[in-house]
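Inspection log for the structure reproduced underneath, given as structure tokens.
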Amino acid sequence: MPNPNTPAYLRFLNLIDAIDRIAPGKKLDCTEESLLNTVVLSFHAKKPVLVGDLISLSALGSQATLHGRLKTLSAMGYIKMAANEDGRKKEVVPTKLALKRYEELSKCLEKAAKSAS
């Protein structure tokens, strides 16, 4: 039983860790997580995000590194890349798997917050 004095964020991290152990697979690294967060936030804001937008996020890594991470996210089934209207650029959208991941994270956050009260 968790200590009731444990901060909610630490309870949240423990819940995420438990989910990762239950559903084994390749865990996302921090760069992949940041890219996926950007894609999902853009999707919910109904603002298209292009591959070029993502690989220009130099704070996350080099263009080659970011392009590789996008390929990994695509191979893992978290994102799809589709040609935009003019066909020259690729828009990145989250898949149902990615959206489900964020639903599960939201449930963990709610559970951690509820156990604080």
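The chain is numbered in sequence order, starting from 1. Every value quoted in this text rests on a predicted model; they were computed, and no experiment measured them. Any value given below was found using the heavy atoms of this structure, including those in side chains, with hydrogens, waters and symmetry copies removed.
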Does any part of the side chain of [Y], heavy atoms only, come nearer than 4.5 Å to the side chain of [X], both counted from C-beta?
{"X": "L36", "Y": "Y102", "value": "yes"}
{"X": "V49", "Y": "F43", "value": "no"}
{"X": "I79", "Y": "V93", "value": "no"}
{"X": "S74", "Y": "M81", "value": "yes"}
{"X": "V39", "Y": "Y78", "value": "no"}
{"X": "L15", "Y": "K111", "value": "yes"}
{"X": "K47", "Y": "L41", "value": "no"}

Worked verdict on T72 versus E32 for side-chain contact (heavy atoms from CB on, under 4.5 Å): CA-CA 8 Å; T72 301; E32 293 162 345; 3.3 Å; yes
Could you measure the distance from the CG atom of L105 to the CG atom of L109? Nearest 0.5 Å is fine.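 With rounding to 0.5 Å, CG (L105) is 8.5 Å from CG (L109).
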Under the side-chain contact (heavy atoms from CB on, under 4.5 Å) rule, what do L73 and L28 come out as? Steps first, then yes or no, please. CA-CA 8 Å; L73 287 170; L28 299 179; 3.7 Å; yes
Residue pairs fulfilling salt bridge (charged side-chain N to carboxylate O under 4.0 Å, His left out) with at least one residue in residues 96-105, sequence neighbours excluded: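 Passing the test, one end in residues 96-105: E33-R101, E104-K107.
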What is the minimum heavy-atom distance between P94 and A98, and which atoms define it?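 Reported closest heavy-atom pair: CB-CB, 3.9 Å.
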Return the minimal non-hydrogen interatomic distance between R11 and A112, and the atom names on each side.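 Minimum heavy-atom contact is NH2-O, 3.0 Å.
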Is a donor on one side and an acceptor on the other found under 3.5 Å between the side chain of T95 and the backbone of G77? yes
Side-chain atoms of residues 53-62: list all donor-acceptor pairs with protein atoms under 3.5 Å, sequence neighbours left out, distances to 0.1 Å.
| residue | atom | partner | partner atom | Å |
| --- | --- | --- | --- | --- |
| D53 | OD2 | L50 | N | 2.9 |
| S56 | OG | G52 | O | 3.3 |
| S56 | OG | D53 | O | 2.8 |
| S62 | OG | T65 | N | 3.1 |
| S62 | OG | T65 | OG1 | 3.0 |

